[in-house]
Every structure is written in C-alpha cells, then in structure tokens.
There are 2 protein chains.
Amino acid sequence: MRPTVHDIAAAAGVSLATVDRVLNLRPGVRAATREKVEQAIEQIGFVRDVAAANLAKSRVYPFIFILPSGDNSFMRGLETEIRAAIDRSVFERTQISIVTVPAFDGPALANALDQARLSHPAGVAVVAVDSPEVAAAVNRLRTDNIPVVTLVSDLAGSARDHFAGIDNAAAGRTAAGLMGRFLRGRPGPIAILAGSMLVRDHRERLEGFRSLIETEFPGRMILPVLEGHDDPVEAERLVGQALKSHPDIAGIYSLGAGNRGLIAALKAHQSGASVIAHELTPHTRKALKDGLIDAVLNQDAGHEVRSAIRVLKAKADGQAVLSAQERIRIDIFLKDNLPFDDAAPASEGDDI
Amino acid sequence: MRPTVHDIAAAAGVSLATVDRVLNLRPGVRAATREKVEQAIEQIGFVRDVAAANLAKSRVYPFIFILPSGDNSFMRGLETEIRAAIDRSVFERTQISIVTVPAFDGPALANALDQARLSHPAGVAVVAVDSPEVAAAVNRLRTDNIPVVTLVSDLAGSARDHFAGIDNAAAGRTAAGLMGRFLRGRPGPIAILAGSMLVRDHRERLEGFRSLIETEFPGRMILPVLEGHDDPVEAERLVGQALKSHPDIAGIYSLGAGNRGLIAALKAHQSGASVIAHELTPHTRKALKDGLIDAVLNQDAGHEVRSAIRVLKAKADGQAVLSAQERIRIDIFLKDNLPFDDAAPASEGDDI
DNA sequence: GAATTTCTGATGTACGTAAATCAGAAATTG
DNA sequence: CAATTTCTGATTTACGTACATCAGAAATTC
C-alpha cells in the first residue's frame with residue numbers, strides 16, 4: 001500500500017498536525033522536528049495523493065488564454081480548441097477565460113498580460129509576440145508566482161515556464177529537407193512567404209529552412225522573403241508579383257498564415273512550383289487535394305491547448321511535467337494522408 | 001458550484017442511500033423511484049467526480065500488457081515505455097504487468113490472452129496478431145467485461161474496445177506519396193520489405209502504399225514483396241538478392257522491422273535508392289544521418305502506451321474517451337529534423 | 001524560577017463519493 | 001388483515017489530504 005500522512009506521522013514519531021505543517025510549509029515547526037519529518041517522508045517514499053489533496057482543497061484553476069484576434073484560420077481553430085477545453089472544465093477543475101488582442105502588437109499584448117495579472121489567475125497561456133515589453137510583462141507575472149506557458153510562438157529572454165508548441169527550427173528544416181528532395185533535378189529558385197519577423201515561430205522556421213537549404217542543397221537560390229503579415233490580400237499580391245517577375249520559381253515555402261492569398265495567386269498564375277505550407281485549415285486542405293500544395297506541416301491546436309493546460313496545472317501544483325508527453329509533434333500531411341474529410345477542421349485531434 | 005450527490009437526493013426527494021443505489025446500479029430501488037432519481041440527475045446536470053469516487057473506492061487498475069518477445073528494437077522500446085508507466089503506477093493507481101509471447105504466433109498469443117483473463121484484470125493491452133483464434137480470445141475477455149485495447153497492430157473481427165496505434169493505411173500512403181515525389185524523374189522499380197502478412201499493420205501499410213503508387217504514380221513498377229519476418233539476417237539476404245538481380249531499383253520501402261539487415265545490405269551494395277523505413281531506432285537513426293535512409297515514419301511508443309492506459313482506465317470506468325486526444329500521429333523524420341541526438345532512443349516522447 | 005513565547009499534539013470538520021448497517025415504511029403475499 | 005417480502009431512509013465510516021482550533025508541553029526570555 002502507498003504510504004499516507006499517517007505513516008509519516010508514525011515513522012517520524014510526531015503528530016498528524018506537525019506532518020501537515022511540514023508538508024504545506026506552514027510555520028510553527030522547530031527546525032530539528034521539520035528535519036525529522038522530512039527524513040521520514042524520504043525514507044518511506046511518501047508522495048502526496050494529488051487527487052485527494054485537490055478534493056480537500058476544492059481546488060479550481062483559473063487560467064487565462066491570450067491569443068491574437070483577427071480571421072487567421074489557425075488562431076480561430078485554436079480558440080475553438082480552448083472553448084472545447086472550457087466545456088470540459090467542470091471535470092478538470094479549470095476555469096478558463098479567453099482574451100484576444102490584435103496580432104503582432106507587442107504593447108497591446110503586454111497590456112493584456114498586465115491586466116491578466118490583476119485577476120490573480122493560477123496560470124496564463126499566451127501566443128507570444130517576441131518583444132522586450134512582452135517579456136517584461138511575462139516576468140512580472142512570474143514574479144507573482146503565476147505560471148506562464150507560451151503557446152504556438154515562444155518568447156525570448158523571459159522566464160516563461162514552458163513552451164507549448166512545435167520546434168519551429170526543426171519545422172523549417174523539415175520543410176527544407178522535403179523541398180530539396182521534391183525539387184531534385186529541377187532548377188529554379190525558392191520563394192518564401194512569411195507573416196512577420198516579429199513573431200518568433202516565423203523567424204525560427206525561416207532560419208531553419210534557409211540554413212538547411214544552404215548546407216544541404218547548395219546552389220539552390222532563395223529569393224528575398226515576402227512578408228505578408230498573415231494577410232491573404234497582401235500575400236496574394238506579393239506572391240503574384242514574385243511569380244510574375246520570376247517565372248522559373250521551382251518551390252514556394254509558406255511559413256506563416258494568409259495561405260488563402262497564396263493559393264489564389266497559385267491558381268491565377270498556373271504555377272507548377274512545389275509548394276509547402278503550414279497549418280491544415282479548410283483552405284490548405286482543399287489546396288492539397290487540388291494539387292496546388294504538395295505538403296502541409298501542421299501543429300495540432302487541440303494538442304497544444306491540452307498540453308498547455310496540463311503544464312499550467314502541474315506548475316501551479318509545483319509538480320514535474322512529463323516532458324516526453326508534452327512534446328508537440330509536427331504533422332506532415334500530403335494529399336494522401338489527410339485525416340477524415342468531413343469534420344470541422346478544428347476537431348481534428350492530437351496527442352496526448 | 002458543481003452539483004453533488006446530496007443535491008440529487010434533495011432534488012429527487014429521496015435519501016443519499018437511494019441515490020447511491022441508483023448511481024452504482026445496486027438493487028433495492030423501485031422502478032418508479034429509480035426513474036425519479038435519474039430525472040433529477042439529468043435535470044441538475046450531475047456528473048460524478050471521478051477523483052472523489054476513486055478515492056472512496058481506493059480504486060486500482062490491474063492492467064496486463066502483452067507484446068512480442070525477441071530483439072525487435074521497436075518492441076523493446078515499447079517495453080521500456082511500459083516499464084516507465086509502471087514507475088508512475090503509484091501516482092496513476094495502475095498495476096501493470098508485462099507478458100511476452102513469440103512474435104507472429106497466433107495460438108501462443110491466444111493462450112496468453114486466456115491466461116490473462118484468469119487474473120481478472122481491469123484491462124488488457126495487446127500487440128495483436130491478426131488471426132481468428134486471437135480474435136476469439138479477445139472476445140472471451142470482452143464477454144467477461146474486461147476492456148481490451150489493441151496496441152500497434154490491430155485485430156479484425158474482434159470486439160476490442162480501441163486501437164492504440166497509427167492509421168497504417170495512411171502511413172503506407174504517406175510513404176508512397178513521399179516516395180513518388182522523391183523519385184520524380186528517376187526511373188526504376190520499387191522494392192518492398194515487409195515483416196509478415198500475419199500482422200495487420202504490415203498488411204495495411206503495404207496495401208496503402210501499393211494502391212497509392214498505382215493510382216498516383218502509374219508506370220512505377222513495384223517488385224514482389226520481400227517477407228523478412230522482422231529478422232535482420234533474413235532481411236539482409238532478401239534485400240541483397242533483390243539489389244543484385246535488379247540493380248536499377250530506385251526506391252525501397254521497408255514497412256516492418258529488421259532494418260539492421262536492410263541497412264547492411266544497402267551499405268554492401270552501395271545502392272543509391274531512395275529508402276523509406278518505419279520506426280526510429282538507434283539503427284534507423286544512424287542510417288538517416290549517414291544518408292542511407294531518406295525518411296523514417298515513426299509511431300511514438302510512449303504515446304501509444306500512455307494512450308492505451310488512458311483508454312483502458314476510461315473504459316474500465318465506463319467513461320467516454322476524447323478520441324481526438326487519442327489519435328496517434330505518424331511522425332516523419334528526415335535526417336534534419338531528428339529529435340535530440342544523445343538520449344536513449346526509448347525516451348523520445350510523444351503526445352499527448 | 002516565573003512569565004512569556006514558541007512549538008507540538010489532539011481533535012474535529014471538510015472535500016465528494018462509496019459502502020455498509022439497521023430500522024422503519026411500503027408493497028406484496030396468503 | 002396479518003405476515004412477509006421488498007424498498008427506502010437515516011446514519012456512520014471510510015478514502016487521503018487540508019485546515020482550523022485549542023490545550024498543553026517545551027523552549028526561551030527576563
């Protein structure tokens with residue numbers, strides 16, 4: 001049988017009350033006695049029954065999720081997944097609220113983080129914009145001992161507890177490895193469509209892609225990055241221009257959002273380029289099927305949300321996280337291994 | 001506040017004891033009263049607090065995992081993950097035992113299942129051999145109301161509750177889609193190395209691969225399947241023979257185990273074929289790095305084990321499973337997106 | 001050594017559910 | 001309608017931990 005607090009008390013020769021004081025870091029225990037109890041805990045290998053503790057505490061976890069507003073399909077899918085988690089909150093003792101802020105807007109995000117701080121949540125998950133003011137706001141939360149998890153896009157130089165997202169450098173390299181192999185024997189440059197260099201995931205993907213092409217497929221030219229700010233209209237214009245001025249483009253890597261515009265431009269120019277994009281949305285799914293896009297790298301929003309919640313809970317309880325379990329995978333979809341067709345895109349699952 | 005059993009009692013105008021009888025399907029409640037209680041449960045939206053219930057019941061879940069013996073790297077990695085789960089069993093209220101049986105041996109596996117049945121476990125996870133006697137044994141378990149989850153390889157015509165593994169037909173199609181794109185512009189046939197047609201995962205991968213090549217890349221010849229029984233020595237011999245008699249082989253798809261033999265043969269023949277294999281093991285990892293293998297499709301053993309346990313628990317408690325969460329992804333590894341280098345291969349994580 | 005202050009023990013209640021007991025009410029049987 | 005049998009209610013204990021209260025013991029201070 002698993003040892004209980006009673007066993008500690010017996011082993012240490014103290015009362016239950018003292019054990020409780022030690023376990024919950026309450027004052028009123030002499031150093032020598034505390035030592036004795038801690039030794040007993042060590043010796044009999046006691047581990048607190050979190051379920052029972054949470055029951056006794058009637059613990060609930062108020063969490064705040066902060067993500068960009070706008071009509072970015074991936075972000076709206078992410079929001080759907082958060083709402084799905086809210087539906088489960090009764091079972092999971094969570095109490096999740098969603099806050100949206102304009103995309104790529106550091107000050108607004110920092111402000112939202114400071115706002116969140118005032119309500120003393122048990123944890124915050126945030127799709128980060130990589131700027132110093134955001135890092136500072138995150139650090140203020142950490143100073144208050146509020147766990148922070150970055151979601152989808154990470155944040156440099158901050159004390160965030162965890163990043164719930166894919167390895168974006170690896171994603172860029174994966175795209176490059178696939179692209180290089182797809183283009184074998186076909187000359188022509190590669191165009192890159194990004195959203196904004198203000199978010200770290202885009203920067204990391206770009207860097208991973210570029211470095212791998214340079215080292216593994218030398219001689220393959222990469223055109224200057226098109227920065228479309230995840231806006232379909234802008235993306236369409238930029239890609240259209242590029243296809244017009246470089247009719248020999250062999251490959252296109254779209255590492256951000258705004259793929260609707262990319263797809264429109266591809267259609268308009270009847271480009272034969274091999275295309276790799278990110279995030280499986282209704283639009284990219286259709287383009288895959290139509291043969292306009294060759295491969296889609298996807299991160300599962302549902303998995304990321306669930307992982308963020310698990311990690312926030314663990315951090316709030318001061319528990320260790322099973323890091324292997326929280327690794328978010330990079331899904332690679334080709335036309336032929338798409339998950340079920342009909343369902344709403346947001347319900348396509350993940351993990352765990 | 002979430003409603004409790006007391007609220008049901010109050011709402012239905014009955015006592016706690018009666019509510020308990022209804023909730024736990026105990027006898028001694030008149031049909032009319034039972035109805036009344038069930039209506040109250042419905043009305044106030046009561047959901048049992050599983051944590052509290054498990055605490056009260058001092059519930060433990062004795063599970064049995066049955067997997068093939070032998071030195072198959074993937075299966076040994078799977079076993080390592082199960083042992084990791086055993087290390088967590090104190091926290092998870094599980095009590096897991098591992099049983100190994102010879103690979104590809106239906107009768108032995110059926111026997112092991114019947115043996116497992118005698119100990120009345122709360123659930124069984126099994127790497128299935130797809131044969132009628134195994135299906136029958138699984139059905140006997142189900143008759144006893146013991147949940148059964150197939151692991152890695154599924155079982156036709158049985159009443160197993162769940163399959164914790166990848167979509168193997170999709171895996172085969174993914175391999176074919178990649179292979180077709182890798183080989184663009186390069187003539188030559190494709191060789192396929194399989195383990196055994198007695199396991200369903202191999203059959204499904206083969207079928208998926210073959211059908212996609214035929215429809216999407218017509219004209220690409222596929223050589224007769226080499227059945228190497230997941231044995232490195234046999235695989236090396238078969239692949240060596242094939243490379244000798246067909247020096248023009250452009251691609252090789254290894255859909256089972258025994259990749260050590262495949263790699264040895266590739267080295268010996270200095271083949272320039274594009275190679276796609278399954279499962280990231282120390283051997284395939286090294287071959288990827290050395291450029292002998294182009295891509296590895298991987299299923300995360302850790303994720304599969306954790307998923308199997310979650311599902312078995314849910315089934316044992318008569319709870320619904322979050323199917324999106326239990327979808328096992330197909331990881332695609334190229335030389336350039338390998339997860340951390342140094343760690344033991346078995347600790348590379350998953351999920352969840 | 002008396003008066004404090006600081007520690008420790010004993011005890012009880014709570015969390016939400018499970019499970020058992022026993023008495024009494026209701027329904028059924030003869 | 002009395003005698004059973006079958007339900008139902010009331011009550012208690014338990015699971016493992018958290019938390020509060022109060023009395024008494026031990027250490028500290030003067």
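The sequence lines fix the lettering, A, B, ..., with proteins before strands; numbering per chain opens at 1. Atoms considered below: every heavy atom in the structure, side chains included; atoms not considered: hydrogens, waters and symmetry mates.
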task: Classify every nucleotide of nucleotides 7-18 of chain D by which part a protein heavy atom approaches to under 4.0 Å, writing B for the base, S for the sugar-phosphate alone and - for neither, in 5'-to-3' order.
output: SBBB----BBBS

task: Test the B/Arg48-B/Phe46 pair against the cation-pi criterion, namely NZ or CZ under 6.0 angstrom from the six-membered ring centroid and within 45° of the ring axis.
output: no

message: Among A/Asp114, A/Val148, A/Ile146, which residue satisfies the side chain to side chain contact (heavy atoms under 4.5 Å, CB included) criterion with A/Arg140?
response: A/Asp114

message: Could you check whether any side-chain heavy atom of A/Ile8 comes within less than 4.5 Å of a side-chain heavy atom of A/Val37, counting everything from C-beta outward?
response: yes

query: Do A/Asp20 and A/Leu16 have side chains that get closer than 4.5 Å, going by heavy atoms?
result: no

query: For B/Ile8 and C/dT17, what is the distance between atoms CD1 and P respectively, to the nearest whole Å?
result: 7 Å

query: Between A/Val126 and A/Arg160, is any pair of side-chain heavy atoms under 4.5 Å apart?
result: no

